[in-house]
Novice: 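Mind having a look at this structure? Questions to follow.
Every chain is numbered from 1 and lettered A, B, ... according to where its sequence line falls, protein lines coming before strand lines. These numbers come from the heavy atoms of this one structure, side chains and all, not from hydrogens, waters or symmetry mates. Just so we're clear, the structure is a prediction, and the values are computed from it rather than from any experiment.
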2 protein chains.
Amino acid sequence: VSSRDFLKLPIKDFIIPSEKVAHVQIGNNTEHALLVLTKTGYSSIPVLDMKFRMHGMVSVQQITDEILGLDRIEYERLDSIKVDDVMTRDFVKIHENDTFQRALDLLINHPYICVVDYDDMFLGILTRRVVMKQLKKQLYL
Amino acid sequence: VSSRDFLKLPIKDFIIPSEKVAHVQIGNNTEHALLVLTKTGYSSIPVLDMKFRMHGMVSVQQITDEILGLDRIEYERLDSIKVDDVMTRDFVKIHENDTFQRALDLLINHPYICVVDYDDMFLGILTRRVVMKQLKKQLYL
Ligand SMILES: Nc1ncnc2c1ncn2[C@@H]1O[C@@H]2COP(=O)(O)O[C@H]3[C@@H](O)[C@H](n4cnc5c(N)ncnc54)O[C@@H]3COP(=O)(O)O[C@H]2[C@H]1O
Ligand SMILES: Nc1ncnc2c1ncn2[C@@H]1O[C@@H]2COP(=O)(O)O[C@H]3[C@@H](O)[C@H](n4cnc5c(N)ncnc54)O[C@@H]3COP(=O)(O)O[C@H]2[C@H]1O
(Lines give C-alpha, C1' and ligand atoms only; values in the text may rest on other atoms or scores of the structure.)
(Ligands and ions follow the chains in the order given, each with its own letter.)
Protein backbone atom coordinates (compact mmCIF):
# COMPACT_ATOMS: atom_id res chain seq x y z
CA VAL A 1 0.00 0.00 0.00
CA SER A 2 1.42 3.38 -0.92
CA SER A 3 1.86 5.84 1.95
CA ARG A 4 -0.74 8.04 0.30
CA ASP A 5 -3.40 5.28 0.25
CA PHE A 6 -2.45 4.12 3.72
CA LEU A 7 -2.99 7.58 5.19
CA LYS A 8 -6.42 7.79 3.53
CA LEU A 9 -7.67 4.56 5.17
CA PRO A 10 -10.62 5.00 7.52
CA ILE A 11 -9.76 4.32 11.17
CA LYS A 12 -12.71 1.96 11.60
CA ASP A 13 -10.67 -1.26 11.77
CA PHE A 14 -8.29 0.09 14.38
CA ILE A 15 -10.78 1.18 17.02
CA ILE A 16 -10.76 -0.49 20.45
CA PRO A 17 -14.52 -1.02 20.84
CA SER A 18 -16.47 0.60 23.69
CA GLU A 19 -17.09 -2.71 25.49
CA LYS A 20 -13.33 -3.06 25.98
CA VAL A 21 -12.79 0.49 27.24
CA ALA A 22 -12.63 1.20 30.98
CA HIS A 23 -14.70 4.26 31.82
CA VAL A 24 -16.65 6.02 34.57
CA GLN A 25 -20.05 7.68 34.56
CA ILE A 26 -20.89 11.35 35.09
CA GLY A 27 -22.12 11.73 38.64
CA ASN A 28 -19.56 9.22 39.97
CA ASN A 29 -17.28 10.65 42.65
CA THR A 30 -13.52 11.00 42.21
CA GLU A 31 -12.81 8.33 44.83
CA HIS A 32 -14.57 5.77 42.62
CA ALA A 33 -12.80 7.15 39.54
CA LEU A 34 -9.40 6.89 41.23
CA LEU A 35 -10.12 3.27 42.18
CA VAL A 36 -11.06 2.40 38.58
CA LEU A 37 -7.96 4.17 37.24
CA THR A 38 -5.64 2.48 39.75
CA LYS A 39 -7.12 -1.00 39.31
CA THR A 40 -7.18 -0.89 35.49
CA GLY A 41 -3.76 0.81 35.41
CA TYR A 42 -4.84 3.50 32.94
CA SER A 43 -3.84 7.11 33.52
CA SER A 44 -6.91 8.59 31.78
CA ILE A 45 -10.31 7.19 30.78
CA PRO A 46 -13.54 8.45 29.18
CA VAL A 47 -16.52 9.74 31.18
CA LEU A 48 -19.86 8.61 29.75
CA ASP A 49 -23.50 8.72 30.74
CA MET A 50 -25.88 5.74 30.94
CA LYS A 51 -26.75 6.09 27.25
CA PHE A 52 -23.03 5.86 26.36
CA ARG A 53 -22.85 9.46 25.27
CA MET A 54 -19.46 11.11 25.80
CA HIS A 55 -19.10 13.80 28.42
CA GLY A 56 -15.38 14.10 29.05
CA MET A 57 -12.11 12.45 29.96
CA VAL A 58 -10.70 12.13 33.47
CA SER A 59 -7.12 11.47 34.55
CA VAL A 60 -5.33 10.54 37.76
CA GLN A 61 -3.47 13.82 37.59
CA GLN A 62 -6.66 15.89 37.43
CA ILE A 63 -7.96 14.10 40.53
CA THR A 64 -4.77 14.38 42.59
CA ASP A 65 -4.31 18.01 41.54
CA GLU A 66 -7.79 18.79 42.84
CA ILE A 67 -7.03 17.56 46.38
CA LEU A 68 -3.51 18.95 46.68
CA GLY A 69 -3.82 21.10 49.79
CA LEU A 70 -1.29 23.60 51.12
CA ASP A 71 0.53 21.10 53.27
CA ARG A 72 -0.87 17.64 52.48
CA ILE A 73 -2.96 15.69 49.98
CA GLU A 74 -6.58 16.01 51.20
CA TYR A 75 -7.77 12.57 50.18
CA GLU A 76 -10.79 12.66 52.51
CA ARG A 77 -12.41 15.09 50.03
CA LEU A 78 -12.43 12.54 47.18
CA ASP A 79 -15.82 11.01 47.93
CA SER A 80 -17.50 14.42 47.86
CA ILE A 81 -16.06 15.64 44.53
CA LYS A 82 -17.75 14.51 41.29
CA VAL A 83 -15.79 13.58 38.16
CA ASP A 84 -17.91 16.22 36.41
CA ASP A 85 -15.95 18.92 38.25
CA VAL A 86 -12.43 17.75 37.35
CA MET A 87 -12.77 16.12 33.93
CA THR A 88 -11.79 17.66 30.60
CA ARG A 89 -14.97 18.60 28.77
CA ASP A 90 -13.41 19.91 25.58
CA PHE A 91 -11.73 16.65 24.66
CA VAL A 92 -10.53 15.60 21.23
CA LYS A 93 -12.83 13.32 19.23
CA ILE A 94 -12.85 11.60 15.86
CA HIS A 95 -15.46 9.82 13.69
CA GLU A 96 -15.16 6.23 12.48
CA ASN A 97 -14.91 7.36 8.87
CA ASP A 98 -12.10 9.80 9.53
CA THR A 99 -8.75 8.94 8.00
CA PHE A 100 -5.62 7.46 9.45
CA GLN A 101 -3.89 10.74 8.61
CA ARG A 102 -6.36 12.67 10.76
CA ALA A 103 -5.82 10.20 13.62
CA LEU A 104 -2.03 10.45 13.35
CA ASP A 105 -2.18 14.26 13.49
CA LEU A 106 -4.24 14.13 16.69
CA LEU A 107 -2.31 11.32 18.38
CA ILE A 108 0.91 13.31 18.19
CA ASN A 109 -0.42 15.38 21.08
CA HIS A 110 -2.85 12.93 22.72
CA PRO A 111 -2.19 9.37 23.96
CA TYR A 112 -5.68 8.34 22.81
CA ILE A 113 -8.67 9.83 21.09
CA CYS A 114 -12.34 9.01 21.54
CA VAL A 115 -14.34 7.79 18.56
CA VAL A 116 -17.94 8.99 18.43
CA ASP A 117 -20.76 8.78 15.91
CA TYR A 118 -22.62 11.83 14.66
CA ASP A 119 -24.85 11.79 17.78
CA ASP A 120 -21.83 11.95 20.08
CA MET A 121 -22.37 8.31 21.05
CA PHE A 122 -19.17 6.69 22.26
CA LEU A 123 -17.96 3.96 19.90
CA GLY A 124 -14.48 3.28 21.26
CA ILE A 125 -10.97 4.69 21.35
CA LEU A 126 -7.99 4.93 19.05
CA THR A 127 -4.62 4.67 20.82
CA ARG A 128 -1.04 5.54 19.98
CA ARG A 129 -0.07 1.90 20.41
CA VAL A 130 -2.46 0.64 17.74
CA VAL A 131 -1.48 3.41 15.32
CA MET A 132 2.25 2.93 15.87
CA LYS A 133 1.90 -0.79 15.12
CA GLN A 134 0.34 0.09 11.77
CA LEU A 135 2.98 2.71 11.03
CA LYS A 136 5.67 0.14 11.72
CA LYS A 137 4.03 -2.33 9.31
CA GLN A 138 3.74 0.36 6.67
CA LEU A 139 7.40 1.35 6.98
CA TYR A 140 8.91 -2.11 7.23
CA LEU A 141 7.44 -3.37 3.98
CA VAL B 1 15.02 9.60 2.72
CA SER B 2 14.00 6.01 1.98
CA SER B 3 12.16 4.19 4.74
CA ARG B 4 15.09 1.83 5.02
CA ASP B 5 17.60 4.64 5.65
CA PHE B 6 15.20 6.47 7.92
CA LEU B 7 14.78 3.42 10.17
CA LYS B 8 18.57 3.04 10.42
CA LEU B 9 19.09 6.60 11.72
CA PRO B 10 20.55 6.82 15.24
CA ILE B 11 18.11 8.20 17.81
CA LYS B 12 20.62 10.76 19.08
CA ASP B 13 18.92 13.85 17.59
CA PHE B 14 15.52 12.93 18.98
CA ILE B 15 16.41 12.56 22.64
CA ILE B 16 14.85 14.90 25.22
CA PRO B 17 18.00 15.68 27.23
CA SER B 18 18.30 14.82 30.91
CA GLU B 19 18.16 18.45 32.08
CA LYS B 20 14.63 18.69 30.64
CA VAL B 21 13.39 15.46 32.21
CA ALA B 22 11.43 15.54 35.48
CA HIS B 23 12.71 12.84 37.81
CA VAL B 24 13.05 11.81 41.45
CA GLN B 25 15.97 10.36 43.41
CA ILE B 26 16.26 6.94 45.00
CA GLY B 27 15.63 7.37 48.72
CA ASN B 28 12.90 9.98 48.13
CA ASN B 29 9.54 9.01 49.64
CA THR B 30 6.42 8.38 47.55
CA GLU B 31 4.70 11.51 48.91
CA HIS B 32 7.42 13.63 47.31
CA ALA B 33 7.24 11.54 44.14
CA LEU B 34 3.46 11.95 43.93
CA LEU B 35 3.83 15.72 44.31
CA VAL B 36 6.41 15.87 41.49
CA LEU B 37 4.22 13.70 39.24
CA THR B 38 1.09 15.75 39.96
CA LYS B 39 2.78 19.14 39.55
CA THR B 40 4.63 18.22 36.32
CA GLY B 41 1.56 16.38 35.02
CA TYR B 42 3.55 13.30 33.97
CA SER B 43 2.20 9.83 34.73
CA SER B 44 5.64 8.20 35.00
CA ILE B 45 9.19 9.53 35.45
CA PRO B 46 12.71 8.14 35.89
CA VAL B 47 14.32 7.46 39.27
CA LEU B 48 18.00 8.43 39.39
CA ASP B 49 20.75 8.74 41.97
CA MET B 50 22.88 11.81 42.64
CA LYS B 51 25.37 10.76 39.98
CA PHE B 52 22.52 10.60 37.41
CA ARG B 53 22.72 6.84 37.12
CA MET B 54 19.38 5.15 36.33
CA HIS B 55 17.70 3.06 38.98
CA GLY B 56 14.12 2.70 37.83
CA MET B 57 10.89 4.32 36.71
CA VAL B 58 7.99 5.29 38.98
CA SER B 59 4.37 5.96 38.07
CA VAL B 60 1.34 7.45 39.78
CA GLN B 61 -0.40 4.10 39.43
CA GLN B 62 2.37 2.23 41.24
CA ILE B 63 2.16 4.70 44.13
CA THR B 64 -1.65 4.67 44.45
CA ASP B 65 -1.74 0.89 44.09
CA GLU B 66 0.67 0.58 47.02
CA ILE B 67 -1.62 2.50 49.41
CA LEU B 68 -4.95 1.00 48.29
CA GLY B 69 -6.25 -0.38 51.57
CA LEU B 70 -9.26 -2.67 52.06
CA ASP B 71 -11.73 0.16 52.48
CA ARG B 72 -9.92 3.42 51.69
CA ILE B 73 -6.80 4.90 50.12
CA GLU B 74 -4.22 5.11 52.93
CA TYR B 75 -2.52 8.40 51.95
CA GLU B 76 -0.93 8.84 55.38
CA ARG B 77 1.49 5.98 54.56
CA LEU B 78 3.02 7.85 51.60
CA ASP B 79 5.73 9.69 53.53
CA SER B 80 7.05 6.44 54.99
CA ILE B 81 7.32 4.46 51.72
CA LYS B 82 10.38 4.98 49.50
CA VAL B 83 10.19 5.14 45.70
CA ASP B 84 12.74 2.30 45.76
CA ASP B 85 10.00 -0.05 46.97
CA VAL B 86 7.40 0.70 44.29
CA MET B 87 9.41 1.61 41.18
CA THR B 88 10.02 -0.65 38.19
CA ARG B 89 13.63 -1.79 38.32
CA ASP B 90 13.71 -3.82 35.11
CA PHE B 91 12.82 -0.90 32.87
CA VAL B 92 13.45 -0.67 29.16
CA LYS B 93 16.54 1.26 28.04
CA ILE B 94 18.24 2.24 24.81
CA HIS B 95 21.65 3.67 23.82
CA GLU B 96 22.13 6.91 21.88
CA ASN B 97 23.57 5.02 18.91
CA ASP B 98 20.65 2.62 18.64
CA THR B 99 18.47 2.97 15.58
CA PHE B 100 15.09 4.58 15.04
CA GLN B 101 13.80 1.09 14.18
CA ARG B 102 14.86 -0.22 17.59
CA ALA B 103 13.18 2.76 19.28
CA LEU B 104 9.95 2.28 17.32
CA ASP B 105 9.83 -1.41 18.30
CA LEU B 106 10.12 -0.50 21.98
CA LEU B 107 7.76 2.49 21.94
CA ILE B 108 4.91 0.33 20.67
CA ASN B 109 4.64 -1.02 24.20
CA HIS B 110 6.12 1.85 26.25
CA PRO B 111 5.15 5.54 26.25
CA TYR B 112 8.81 6.51 26.70
CA ILE B 113 12.18 4.83 26.96
CA CYS B 114 15.25 5.93 28.89
CA VAL B 115 18.47 6.59 27.03
CA VAL B 116 21.63 5.60 28.86
CA ASP B 117 25.31 5.42 27.99
CA TYR B 118 27.39 2.31 28.43
CA ASP B 119 27.88 3.09 32.14
CA ASP B 120 24.11 3.26 32.74
CA MET B 121 24.34 7.05 33.06
CA PHE B 122 21.04 8.72 32.25
CA LEU B 123 21.23 10.82 29.07
CA GLY B 124 17.55 11.58 28.48
CA ILE B 125 14.35 10.03 27.18
CA LEU B 126 12.78 9.16 23.86
CA THR B 127 9.01 9.62 23.73
CA ARG B 128 6.20 8.40 21.50
CA ARG B 129 5.33 12.00 20.66
CA VAL B 130 8.78 12.77 19.23
CA VAL B 131 8.91 9.53 17.27
CA MET B 132 5.39 9.92 15.88
CA LYS B 133 6.26 13.41 14.64
CA GLN B 134 9.17 11.94 12.69
CA LEU B 135 7.05 9.08 11.34
CA LYS B 136 4.49 11.60 10.13
CA LYS B 137 7.20 13.60 8.33
CA GLN B 138 8.56 10.41 6.75
CA LEU B 139 5.13 9.32 5.50
CA TYR B 140 3.88 12.68 4.29
CA LEU B 141 6.78 13.30 1.91
N1 LIG C 1 -3.29 -2.79 31.14
C2 LIG C 1 -2.33 -2.58 30.19
N3 LIG C 1 -1.89 -3.60 29.42
C4 LIG C 1 -0.94 -3.42 28.47
N5 LIG C 1 -0.34 -2.22 28.23
C6 LIG C 1 -0.73 -1.18 28.96
C7 LIG C 1 -1.73 -1.30 29.97
N8 LIG C 1 -1.91 -0.09 30.54
C9 LIG C 1 -1.06 0.74 29.90
N10 LIG C 1 -0.34 0.10 28.95
C11 LIG C 1 0.71 0.66 28.09
O12 LIG C 1 1.01 1.96 28.60
C13 LIG C 1 0.61 2.96 27.64
C14 LIG C 1 0.10 4.20 28.31
O15 LIG C 1 -1.05 3.90 29.07
P16 LIG C 1 -1.91 5.09 29.73
O17 LIG C 1 -2.83 4.48 30.71
O18 LIG C 1 -0.98 6.15 30.25
O19 LIG C 1 -2.72 5.74 28.52
C20 LIG C 1 -3.72 4.98 27.85
C21 LIG C 1 -5.12 5.13 28.46
O22 LIG C 1 -5.30 6.46 28.93
C23 LIG C 1 -6.02 4.91 27.25
N24 LIG C 1 -6.45 3.51 27.13
C25 LIG C 1 -5.83 2.51 26.44
N26 LIG C 1 -6.54 1.37 26.50
C27 LIG C 1 -7.65 1.64 27.26
C28 LIG C 1 -8.79 0.87 27.69
N29 LIG C 1 -8.96 -0.41 27.36
N30 LIG C 1 -9.70 1.49 28.47
C31 LIG C 1 -9.56 2.79 28.81
N32 LIG C 1 -8.53 3.58 28.43
C33 LIG C 1 -7.58 3.01 27.66
O34 LIG C 1 -5.24 5.19 26.09
C35 LIG C 1 -3.92 5.59 26.47
C36 LIG C 1 -2.90 5.11 25.46
O37 LIG C 1 -2.88 3.70 25.43
P38 LIG C 1 -1.77 2.90 24.62
O39 LIG C 1 -2.25 1.50 24.45
O40 LIG C 1 -1.40 3.67 23.39
O41 LIG C 1 -0.47 2.95 25.54
C42 LIG C 1 -0.43 2.27 26.76
C43 LIG C 1 0.15 0.85 26.67
O44 LIG C 1 1.23 0.80 25.74
N1 LIG D 1 3.37 18.99 30.37
C2 LIG D 1 2.96 18.55 29.15
N3 LIG D 1 3.00 19.36 28.07
C4 LIG D 1 2.59 18.92 26.85
N5 LIG D 1 2.12 17.67 26.60
C6 LIG D 1 2.07 16.83 27.64
C7 LIG D 1 2.46 17.21 28.96
N8 LIG D 1 2.30 16.15 29.78
C9 LIG D 1 1.81 15.16 29.00
N10 LIG D 1 1.65 15.56 27.71
C11 LIG D 1 1.11 14.77 26.60
O12 LIG D 1 0.52 13.58 27.16
C13 LIG D 1 1.30 12.43 26.75
C14 LIG D 1 1.37 11.39 27.83
O15 LIG D 1 2.02 11.91 28.94
P16 LIG D 1 2.42 10.93 30.17
O17 LIG D 1 2.80 11.79 31.31
O18 LIG D 1 1.30 9.95 30.39
O19 LIG D 1 3.65 10.09 29.65
C20 LIG D 1 4.88 10.75 29.38
C21 LIG D 1 5.80 10.79 30.60
O22 LIG D 1 5.69 9.60 31.36
C23 LIG D 1 7.18 10.81 29.94
N24 LIG D 1 7.69 12.18 29.75
C25 LIG D 1 7.54 12.97 28.66
N26 LIG D 1 8.18 14.14 28.81
C27 LIG D 1 8.78 14.08 30.03
C28 LIG D 1 9.62 14.97 30.79
N29 LIG D 1 10.01 16.18 30.31
N30 LIG D 1 10.04 14.59 32.01
C31 LIG D 1 9.69 13.37 32.50
N32 LIG D 1 8.91 12.47 31.85
C33 LIG D 1 8.47 12.82 30.63
O34 LIG D 1 7.03 10.24 28.64
C35 LIG D 1 5.66 9.86 28.41
C36 LIG D 1 5.27 10.06 26.98
O37 LIG D 1 5.35 11.44 26.66
P38 LIG D 1 4.80 11.98 25.28
O39 LIG D 1 5.37 13.35 25.07
O40 LIG D 1 5.02 10.96 24.20
O41 LIG D 1 3.23 12.07 25.45
C42 LIG D 1 2.67 12.99 26.35
C43 LIG D 1 2.27 14.32 25.69
O44 LIG D 1 1.76 14.11 24.37
Novice: Given that the side chain runs from C-beta out, which part of Y42(A) has a heavy atom under 4.5 Å from chain B: side chain, backbone, both or neither?
Specialist: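 Neither the backbone nor the side chain of Y42(A) comes within 4.5 Å of chain B.
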Novice: Do you know the tightest heavy-atom contact between N109(A) and R129(B)?
Specialist: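 Heavy-atom minimum between the residues: OD1-NE, 2.8 Å.
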Novice: Need one label for S43(B): side chain, backbone, both or neither, based on atoms under 4.5 Å from any heavy atom in chain A.
Specialist: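 Looking at S43(B), just its side chain touches chain A.
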Novice: Taking the side chain as every heavy atom from C-beta outward, state whether Y140(A) and L104(B) have any pair of such atoms under 4.5 Å apart.
Specialist: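 Y140(A) vs L104(B): side chains touch.
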Novice: Which residue out of Q101(B), E31(B), R72(B) racks up the most heavy-atom pairs below 4.5 Å with chain A?
Specialist: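 Most heavy-atom pairs under 4.5 Å with chain A: Q101(B).
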Novice: With hydrophobic residues grouped by side-chain heavy-atom distances under 4.5 Å, do I67(A) and V58(A) end up in a single group?
Specialist: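 Shared cluster, yes.
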Novice: Given the rule that I, L, V, M, F, W and Y join up when any side-chain heavy atoms are under 4.5 Å apart, are I45(A) and L35(A) in one cluster?
Specialist: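 I45(A) and L35(A): one cluster.
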Novice: At what distance, to the nearest 0.5 angstrom, does CG of D105(B) lie from NZ of K133(A)?
Specialist: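 Answer rounded to 0.5 Å: 11.5 Å.
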Novice: Same hydrophobic cluster for Y112(A) and M87(A), using side-chain heavy-atom links shorter than 4.5 Å among ILVMFWY?
Specialist: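 No: no chain of side-chain contacts under 4.5 Å links Y112(A) to M87(A).
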Novice: Calculate, to the nearest 0.5 Å, the distance between atoms CD and OH belonging to E74(A) and Y75(B) respectively.
Specialist: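 E74(A) atom CD to Y75(B) atom OH measures 11.5 Å (nearest 0.5 Å).
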Novice: Going hydrophobic residue to hydrophobic residue with side-chain gaps under 4.5 angstrom, can you get from M57(B) over to V83(B)?
Specialist: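 In one cluster: no.
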Novice: Sort Q62(B) into side chain, backbone, both or neither according to what part of it lies under 4.5 angstrom from a heavy atom of chain A.
Specialist: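 Interface part for Q62(B): neither.
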Novice: State plainly whether one hydrophobic cluster holds both V115(B) and M121(B), where clusters connect Ile, Leu, Val, Met, Phe, Trp and Tyr through side-chain heavy atoms under 4.5 angstrom apart.
Specialist: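 No, V115(B) does not connect to M121(B) through the hydrophobic network.
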Novice: When rounded to the nearest 0.5 angstrom, what is the spacing between CZ in R128(B) and OG1 in T127(A)?
Specialist: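 Going from the CZ atom of R128(B) to the OG1 atom of T127(A) covers 7.5 Å.
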Novice: Could you tell me the separation between the CD atom of Q138(A) and the CG atom of L139(B), rounded to the nearest 0.5 Å?
Specialist: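 It comes to 6.5 Å.
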Novice: For chain B, which candidate among V131(A), I73(A), V60(A), L78(A) shows the most heavy-atom pairs at distances under 4.5 Å?
Specialist: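 Most pairs with chain B among the choices: I73(A).
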Novice: Does a side-chain heavy-atom distance below 4.5 Å link I108(A) with K136(B)?
Specialist: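 They are in contact (side-chain heavy atoms under 4.5 Å apart), so the answer is yes.
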Novice: Out of V130(A), L7(A), I63(A), L135(A), which one racks up the most heavy-atom pairs below 4.5 Å with chain B?
Specialist: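 Heavy-atom pair counts peak at L7(A).
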Novice: Do T64(A) and L37(B) touch side chain to side chain, with heavy atoms closer than 4.5 Å?
Specialist: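 Answer no - side chains too far apart.
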Novice: First locate atom NZ of K39(B), then atom CG of D65(A), and finally report the distance between them rounded to the nearest 0.5 Å.
Specialist: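 K39(B) NZ to D65(A) CG: 7.0 Å, rounded to 0.5 Å.
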